[in-house]
Amino acid sequence: MMMIKLIKLLCTKLIELNIFKSRDIGGNIDRITAKRYGQCATRLYLALFLSGLIILVFYTVIHPHTVIKNFNKPLFSDYNHIREIYGDELKCSCSKIASKYNQFVEIKSVLHPICGKEFVSEKWRMDLVSGLHPNLAAYGDRDYRRFLSAHLQYLQGLCQLSQKSVDNTINEYVTSLLVTVQLLSETDFQNQLNASIEHSRLNAPLLFSRCLFFIQNNFRANAFLSIYGTDFKFPIESQSYTGYLYAEPVIYDNGCSCEMSSNCTTQATFIETDSSKIISVLGMKMGCTPTESFLASTLECFYNQSCLDFIQQYTNYSNSLTPLSTTILSRFSQNTTITELIRHLFIEKWSTKINYSSYYEQCSPSLCSYISVENFDIIYSITVILSIQGGLTIVLKWLCPKLVQTGSKIYHFRKKRITSIHPKDSLAISSQVSTNRIIQNTTSVVTERPINLASQNNLIPHNRLFFKIVFVIIVLCMLGGIVMFSIYYTRQDLTTEVTMTDNLNTTIGTIISTSIGTSTESICQPKFDYIFINASCYYFDDVDAAIAVDVNADDKFDVIFYCPPEQTLNILLGKGNNGTFEKPNIYPFDNNALVSQILSGDVNNDSQIDLILVYRISSDDQSYFGILLGNGNGTFQIESMQSIATTGTPKKTLFVDLNNDKLLDIISANTGDNLQIIYGNDSETFLSPLTLHIGYDGGSEGLVIGDFNNDSYMDIAVLHERDLHIHVFFASVNRSVWLHKWFFTTIRTYDGTIVSGDFDSDNGTDIVFLTMYYEYFSKLYRYKNGTFHTDEHTFSTMEDQKSINLAVVGDLNSDSYLDITIIGKYSHLIYSLLGTRSEKFEIHQILDVDEYQHRTWIDIIDINHDGCPDIITLTRFADLYHQMLEIFFNTCVCYTR
């Protein structure tokens, strides 16, 4: 009530003061009318001013504003103080974004105590074995003295190689660069470095383990005989044989034969000469080979004085042997096998020192900023209100008189129209007007007085009405401000609640649509129009080196293939979108060369298509990659072809930008046991090949790339045809180190292959393994949580398909699910495995002809540029000796839905 009285008093004084004078209303209006107009304008001014001011106050209070505080080149002590105040909101820009780790990190390793004792010294080993018989065959087959020297030498080498591997890992880490644009907080810095150091520590044993694995498998695959005669024996009677010498495998514990496995072992023992006394050597094993048996052994004997005394006794060693101390704490127990120690590179612990102040000096932040959003600041609010209310006053002071004057004119205009509408009162009105004129003419003073009295009498009710209107407006403004203030502070909670509700509704809708789609899913089966074209290659055998690409930039697909009998490279330039081609351009190739694959890409970044030919020279039994630079018009620089020799015979090859440097690289899976990566160079050349081991005595039946673990780096997957494993190489940041993982696919198969793509629509690349053994089946592998998970799907038997020869991926029916088109060897049928929402495949037969056909190449491209992918193959019919191009034009029946 007191506030209302104050507002009324203020308004009364302002009205009495009449801030709008006659000059504001207009000079041609009489004084009384001008005064009345001024009162109305003042009231309107007060109402609008108070309403605008209240709205402005509420808006200023609830509207957040940004406050930025800058600190130029703070010292480390100042930074710590500022950090305590502002926390993670403080951002600092580094003036030096890259620094080597060794400038703020120190790493040291501690190996197992055995690697620091005399047991791994060369002098001690030589002194120990000097007391043994020079011919170890003098000892029994199961006498440990046959193995002792080899075991000690192997232990010595393992410790040395482990220390070297650890030192190399540490040196590689500390000399690499830490790149940070903004200064990391001490917690984030510690966490990031600890994570990277842990990653390096875990990766340290990989190279050593791979090297050891290679050596072991090399010995196993070549079936080398041990010089100690511990894996095979030559019976005395076999020496009388001619032609060959028969060897018998040695049998160890549990009937384990060295013929079947090199891991057979038994307890190591000392056997006294001319005695049946046997002394067991604690923790030591003997077996087919010294290396395999030592890997199965433990170091228990080196902790036991009695065991060392036996070694000293049976080797005639004069000096005493001191065992390893059992009081020194170790992460490895005494009965830990050598194999387990190798997996950890004999590392007891890593000692790491991280200096954050040194990192701060390397970063040397030039500017630190703190940005905050404040909801209410009294000084800021008062400043904004005072700065804006002046402008509001000026605008309203100019606007209000104009509005009152305009309103008055409208009011009088409408009043005149209403007067003219009632003619029945015209006599009275005329009489009144005449009387008024008479009165005005006789006594003008008397005429003015009743008008002023009426104005004064009407002023009180008008003032009351005005105060009521002002009070209502103020109350409404206050209510509006309160509502806006409440909405502002609750909108975050409302937004979160709405988001959760939407997610819940989306999840429920997905579940409902999935359950409905599973039962009512209908797959559109694509239709094709079939034509074939003579490829002008007269040949009895297979031609599998072909590619479809636009080599002359005319927006038409061209076909390039190699014709073996003529040893020519044939180029068919497309001349229309209907599958027609120009007369082939034929280029002679090396007389002794056999091209097995053709790849395309821009080698020298001149926006022209170049070719990579994978070929083999029969005369020197050597394979090469031939690089043909394109001229942009469908011709190539065959005379100046660059050739790169390979190790092994490439079976599957890819030509892609593997390391995102805008230079194409060569990836080749050979028929031997390796995978080669040849990175492109800026000078239109290629670097030395990087070789990755994929297995033994086999080759690749499939080579694909993709980001299988969603780390934005392209990985490589290879199917090994002999061991039926899929070998996956995960890329690292610098692409020089590849993490090798493999997993088994199936027991038996006929010509399996793999393809890659996002088959389950989870924005990740999957691997699909396709094969046949009595029935066809596929296995979809997706990488999650550090391993590959599989989903197997068995198909019904496909007619006339004995094996899967070729497979290519593409969406044939426009349902956003990838399909796989497959071709079997010596089959006249083509099938597509249509992808579905349920991550299964539906078989669809594309071609059904009675003629025998053998297809050696297939691709999916939009030949006629109608937006629907077509299928093109290279084929040889049974009764023809010419190679034919088959084109299956997609009729787009699934694209019109």
Side-chain angles (χ1 to χ4, degrees), residues 206 514 651-652 654 656 658 667 669 673 675 677 692-695 698-732 738-795 798 803-811 816-822 831-843 860:
L206 291 180
T514 302
K651 191 169 184 180
K652 300 289 183 180
L654 299 176
V656 296
L658 187 61
I667 310 172
D673 56 5
L675 176 74
I677 302 175
L692 304 177
H693 183 68
I694 60 175
S700 168
E701 284 297 328
L703 172 65
V704 296
I705 63 170
D707 184 10
F708 303 121
N709 55 354
N710 290 326
D711 62 351
S712 300
Y713 302 132
M714 298 302 293
D715 312 311
I716 307 173
V718 182
L719 173 63
H720 194 274
E721 65 179 353
R722 182 60 61 89
D723 61 20
L724 297 179
H725 282 66
I726 295 179
H727 297 257
V728 181
F729 296 89
F730 292 103
S732 61
W738 295 78
L739 176 61
H740 184 195
K741 289 192 175 184
W742 60 90
F743 52 90
F744 184 67
T745 55
T746 185
I747 297 176
R748 297 189 67 180
T749 180
Y750 291 139
D751 296 320
T753 188
I754 58 174
V755 293
S756 64
D758 184 10
F759 293 95
D760 53 2
S761 299
D762 63 348
N763 296 323
T765 306
D766 313 309
I767 302 173
V768 172
F769 170 65
L770 299 164
T771 189
M772 182 269 178
Y773 189 72
Y774 294 117
E775 60 183 354
Y776 292 90
F777 62 89
S778 69
K779 288 186 176 181
L780 187 147
Y781 296 92
R782 61 176 64 85
Y783 188 81
K784 291 182 180 179
N785 300 325
T787 185
F788 281 92
H789 301 267
T790 182
D791 182 12
E792 184 172 339
H793 181 208
T794 303
F795 309 115
M798 290 181 280
S803 62
I804 295 178
N805 184 31
L806 300 172
V808 63
V809 177
D811 185 8
S816 299
Y817 296 104
L818 292 178
D819 313 315
I820 306 174
T821 301
I822 60 176
Y831 290 93
S832 276
L833 307 179
L834 303 179
T836 64
R837 182 185 307 163
S838 58
E839 301 177 12
K840 303 294 184 181
F841 293 100
E842 180 179 297
I843 296 179
I860 295 180

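Quantities reported herein were computed from a predicted structural model and do not represent experimental measurements. Heads up: numbering here begins at 1 and tracks the sequence.
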Flag the pair Phe708 / Val728 as yes when at least one side-chain heavy-atom distance between them is below 4.5 Å, and no otherwise. yes
With no hydrogens and no angle check, do the side chains of Ser756 and Thr765 hold a donor and an acceptor under 3.5 Å apart? no
Would you check if Asp715 and Asn709 make a side-chain contact, meaning some heavy-atom pair closer than 4.5 Å? yes
CZ/Arg782 to CG/Asp758 distance, rounded to the nearest 0.5 angstrom? 10.0 Å
Side chain to side chain contact (heavy atoms under 4.5 Å, CB included) between Ile677 and Ile716: does it pass, once the steps are laid out? CA-CA 10 Å; Ile677 302 175; Ile716 307 173; 3.6 Å; yes
Would you please name every residue forming a side-chain hydrogen bond (donor to acceptor under 3.5 Å, both in side chains) with Ser761, sequence neighbours left out? none
Value rounded to 0.5 Å, distance of CG in Leu833 from OG1 in Thr821: 8.0 Å
Chi angles and distances behind the side chain to side chain donor-acceptor pair (under 3.5 Å) call for His720, His727: CA-CA 7 Å; His720 194 274; His727 297 257; 5.2 Å; no
If you measure from NE2 on His789 to CG on Leu780, what distance do you get to the nearest 0.5 Å? 12.0 Å
Any side-chain heavy atom of Ile726 sitting closer than 4.5 Å to one from Ile754? yes
Judged by atom type as modelled, is there a donor-acceptor pair below 3.5 Å linking the side chain of Lys779 to the main-chain atoms of Thr745? yes
Step by step, would you call Tyr783 with Asp766 a side chain to side chain contact (heavy atoms under 4.5 Å, CB included)? CA-CA 7 Å; Tyr783 188 81; Asp766 313 309; over 6 Å; no
Strictly under 6.0 Å, is that where the ring centroids of Trp738 and His740 end up? no
Among Phe743, Phe769, Phe759, which residue satisfies the ring pair (Phe, Tyr, Trp, His ring centres under 6.0 Å) criterion with Tyr781? Phe743
